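FYI, the numbering just counts along the sequence from 1. Scope of the values below: all heavy atoms of this structure, side chains included, with no hydrogens, waters or symmetry mates. Everything numeric here is computed off the predicted structure, so don't read it as measured data.
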Amino acid sequence: MADEVRRPRVLDVLSAVEPWEVPSAWVEGVRAQLKAWAADPEALRPLRAEAFPDFVKGTPAAVWFTHQVAPLLTGWIPVLHGEYADLSTELTHDFYRPSSRLGGNGHVIYVAPTDWHLQAIAGARGFRELGRKHALQVSRDVVRLFVDAPPMAARAEALTTAFDRVLADREATHLHITGEYDEIAKYWRTDALRPGERAVLPELAGPTAALRYSINSIRDTHARLLMTSPDEYAGDFAQVLAELILASGLRGIPQSVANILGDATIDVHHALEEIAPRFSLQTWHGHVNQWMSRAIRSGQSPLARAWGAAAARVGVHLSGVLAKQPWPEPEIPDLTTLFRILDRERWSALETAAAAEQDNSLSAAWDSVKKDAAEERAPAKSSGFDENQPLPPKPVDLTDNPIAELDSLIGLESVKDAVRKMVAEVKTNLRRTELGLPSHERARHMVFVGKPGTAKTTIARLLSRIYHQLGVLEKGHVVEVDRSDLVGAAVGSTAPMTAAKFREALGGVLFIDEAYSLTPENTPGDYGLEAVATILKMMEDHRNDCIVIVAGYHREMQRFMESNTGLQSRFPKLLSFSEYDTDQLVAIFELQARQKGMIYGEEVLDKVRSVIPPAPRGHSFGNGRFIRNVLEEAVSNQATRLSASDPDKLTERDLRELIPADVRPPTSMRAEDYLLQKPGT
């Protein structure tokens with residue numbers, strides 16, 4: 001029952017009261033406006049492709065500015081989750097072509113300078129007066145796009161009003177089209193906003209005001225949450241700020257924080273002295289998670305969300321992320337667990353509402369059973385495929401054309417673009433060599449990040465074939481290995497095992513799946529470290545004889561790459577494989593069915609859509625692998641159905657056609673495919 005409930009595509013801003021189910025009409029409306037700006041010859045001059053390589057040539061400044069400000073209109077240092085967490089890319093995908101993008105249904109924290117709203121104006125500093133005024137108008141028009149989107153409405157309305165006031169004031173407009181940027185930024189920090197606008201856009205007053213807002217927000221939300229959901233471990237404001245300081249890796253109060261705390265600095269200092277000797281980040285996360293869970297179960301989700309957003313905001317300040325310091329690991333607080341708790345509550349509410357609307361009578365259930373039975377007995381034409389039409393041709397064999405096979409894959413646009421660039425680079429260097437010019441060769445080893453079934457192995461095989469055709473690899477084969485193939489059980493056995501597999505891959509690709517398992521966390525002396533060292537040495541000894549591809553989940557691979565100083569320099573290319581959405585999974589079913597020579601109708605595709613688990617899917621959900629299992633199960637069910645017929649009377653159509661009754665959830669599906677996805681990955 002629970003898996004059948006439609007789970008809407010949402011933008012979940014942690015600081016908001018509840019997630020926003022994003023209307024497709026709103027998304028299409030924003031995209032249509034961006035396209036209209038792109039088609040307008042009077043729009044602000046196009047961005048320079050060389051300055052913004054992730055955008056297609058001719059992209060107008062309005063589109064780029066939309067991409068920059070969309071998430072920041074949800075709040076200062078916002079935490080976004082849900083299917084629209086990568087909001088900027090969702091809205092500007094017609095123009096934005098990044099080499100990698102967010103995947104899955106995790107969460108992301110956005111940080112930016114406190115003058116983020118002036119980016120278009122700052123970029124037009126070298127323009128003439130007309131162009132600078134146009135940049136001001138574009139800034140206003142872009143922000144205006146979001147006034148009817150609930151999570152952004154208040155901030156978008158306030159900022160739009162402020163821009164309108166500037167455009168209506170001759171002196172203020174003159175400042176923006178002739179003044180120095182520092183003067184413009186100072187104007188916005190001091191004079192541009194009225195008190196009500198400043199309350200919803202506090203960071204626009206500058207870094208000190210932003211820090212004060214962040215500290216005050218954790219003070220207020222902590223007090224309110226303690227009143228409604230008391231907790232023996234939570235303590236007062238001084239204690240929670242001391243805990244956040246320690247969780248950030250600091251041992252004292254930063255001077256900028258002390259300046260804002262004033263007399264309260266003494267209380268925080270005493271709390272630090274008391275807590276520091278026994279502070280454990282893991283224990284603190286556990287206490288906070290338990291507190292948040294109790295608060296959410298007791299109906300205090302809005303306060304729990306506000307507390308999590310405020311704590312994350314303070315964590316960013318304390319960790320120095322705004323000053324370009326590394327992001328803390330693990331996150332402060334544990335947002336992964338917080339979103340998991342919130343999602344479970346939301347899905348439970350959806351399922352309860354759906355159950356209340358469903359007719360649970362025995363007669364309805366019996367009607368469903370009878371319908372399924374009748375569908376299984378239905379003739380082949382129930383598939384929706386017109387039996388009077390000639391059979392479609394069997395698929396073309398692309399074995400000798402890996403580039404065409406690459407183009408035929410569903411989705412993976414950023415990956416395909418990256419592969420095409422690599423091919424172009426190889427061809428250019430080959431021509432340089434022919435003409436006696438120096439080659440600009442780079443190491444071809446790669447990191448693939450993404451969830452299971454997102455075509456990482458498929459791309460590795462295609463790359464090997466492509467490089468073989470180009471003459472870069474002698475054999476063009478792929479040797480697929482994991483930890484068990486490289487790491488021995490006894491001292492002295494790992495290096496020979498690893499070297500043997502590497503030599504087996506010479507002339508082709510060594511594909512190491514779940515490479516992060518070679519460097520398990522908190523396991524000093526693990527034999528996997530010897531495997532990594534052996535691989536690095538052989539990569540150096542056989543620099544042009546083998547391409548090594550390491551693959552796995554994004555976060556785990558990031559840890560793996562940081563485990564050995566030699567890894568990052570030897571793997572210059574990273575390809576990010578996004579999780580497939582439902583439409584893409586159905587398209588993959590169609591592609592694979594055609595490759596098997598099968599035919600089907602729309603009703604079959606509707607049935608396929610119904611057996612795909614709703615998003616967000618499990619952390620180990622199989623993606624394309626899951627769909628392959630669905631197809632294999634359907635072909636098996638078709639064979640069982642046809643076995644009751646006289647084999648001599650079966651036609652080619654009978655043998656190639658699938659009907660809805662053939663499509664069922666695969667019996668080989670693992671339980672993990674239905675588990676909630678681990679957010680933040």
Hey, are the side chains of [X] and [Y] touching, using non-hydrogen atoms and a 4.5 Å cut-off?
X: E514; Y: D482; answer: no
X: S139; Y: H117; answer: no
X: W20; Y: V13; answer: no
X: L605; Y: E590; answer: yes
X: E540; Y: R570; answer: yes
X: D141; Y: L145; answer: no
X: W26; Y: F146; answer: yes
X: T92; Y: W64; answer: no

Taking every non-hydrogen atom, the tightest pair across [X] and [Y]:
X: L11; Y: Y84; result: CD1-O, 3.3 Å
X: D485; Y: M497; result: O-CE, 3.5 Å
X: T454; Y: G450; result: OG1-C, 4.1 Å
X: L631; Y: A593; result: CD2-N, 3.6 Å
X: A505; Y: L510; result: CB-CB, 3.7 Å
X: G508; Y: L473; result: O-CD2, 3.7 Å

Report the distance from atom [atom1] of [X] to atom [atom2] of [Y], rounding to the nearest 0.5 Å.
X: K501; Y: L506; atom1: NZ; atom2: CG; result: 13.0 Å
X: T66; Y: Q68; atom1: OG1; atom2: CD; result: 9.5 Å
X: H445; Y: I535; atom1: NE2; atom2: CD1; result: 11.0 Å
X: R503; Y: C546; atom1: CZ; atom2: SG; result: 12.0 Å
X: R140; Y: I121; atom1: CZ; atom2: CD1; result: 13.0 Å
X: E83; Y: E579; atom1: CD; atom2: CD; result: 9.5 Å

Check your understanding: Taking atom NZ of K573 as the centre, does the number of heavy atoms from other residues, nucleotides or ligands within less than 6.0 Å exceed 12?
Key -> yes
Point to revise | Other residues, nucleotides, ligands: >12 heavy atoms within 6.0 Å of E632 CD | key: yes
Would you call the rings of [X] and [Y] parallel, tilted or perpendicular, taking 30° and 60° as the class edges?
X: F502; Y: H542; value: tilted
X: H67; Y: Y96; value: tilted
X: F589; Y: Y600; value: perpendicular

Check your understanding: Which residues pass the ring-ring contact (aromatic ring centres under 6.0 Å, His included) test with W116, sequence neighbours left out?
Key -> none
Review point. Got a sec, which residues hit ring-ring contact (aromatic ring centres under 6.0 Å, His included) with F448, two or more places apart in sequence or on another chain?
Key: F577
Practice item. Walk me through it: do V69 and V142 pass the test side chain to side chain contact (heavy atoms under 4.5 Å, CB included)? Key: CA-CA 9 Å; V69 306; V142 167; 4.0 Å; yes
Point to revise | Option passing side chain to side chain contact (heavy atoms under 4.5 Å, CB included) with I512 (candidates V550, V532, T498) | key: V550
Practice item. Verify the distance criterion only: is there a donor paired with an acceptor across the side chains of D343 and H81 at less than 3.5 Å? Key: yes
Review point. By side chain to side chain contact (heavy atoms under 4.5 Å, CB included), which residues pair with E28, not counting sequence neighbours?
Key: R31
**Study point:** Criterion salt bridge (Lys or Arg N to Asp or Glu O under 4.0 Å) on R559 and E562, from CA distance to verdict
**Key:** CA-CA 5 Å; R559 177 183 59 77; E562 294 171 351; over 6 Å; no
Check your understanding: With distance as the sole test, does T534 use its side chain to make a donor-acceptor pair with the main-chain N or O of E530 at under 3.5 Å?
Key -> yes
Check your understanding: Within the distance-only criterion (no hydrogens, no angle test), does the side chain of S319 pair as donor or acceptor with the backbone N or O of G315 below 3.5 angstrom?
Key -> yes
Point to revise | Carboxylate-amine/guanidinium proximity below 4.0 Å for R609 and D583 | key: yes
Check your understanding: Can you name the side chain to side chain donor-acceptor pair (under 3.5 Å) partners of R420, sequence neighbours left out?
Key -> D407, D417
Study note, to complete from the structure: Residues passing the side chain to side chain donor-acceptor pair (under 3.5 Å) test with D115, sequence neighbours excluded, are Y181
Exercise for review: Before giving the answer on side chain to side chain contact (heavy atoms under 4.5 Å, CB included), spell out for T457 and F511 the whole-Å C-alpha distance, their side-chain angles and the decisive distance to 0.1 Å.
Suggested key: CA-CA 8 Å; T457 307; F511 183 83; 3.5 Å; yes
Exercise for review: Please report the C-alpha distance between H477 and H468 in whole Å, then the side-chain angles of each, then the deciding distance to 0.1 Å, and finally whether the side chain to side chain contact (heavy atoms under 4.5 Å, CB included) criterion is met.
Suggested key: CA-CA 8 Å; H477 65 304; H468 175 59; over 6 Å; no
Practice item. Begin from the C-alpha positions of M422 and L575 and carry the test side chain to side chain contact (heavy atoms under 4.5 Å, CB included) through to its verdict. Key: CA-CA 12 Å; M422 286 187 272; L575 273 63; 4.3 Å; yes
Revision key, fill the gap. R125 meets the salt bridge (charged side-chain N to carboxylate O under 4.0 Å, His left out) criterion, sequence neighbours left out, with none
Check your understanding: Between R444 and Y467, is NZ or CZ placed under 6.0 angstrom from the six-membered ring centre and within 45° of the ring axis?
Key -> yes
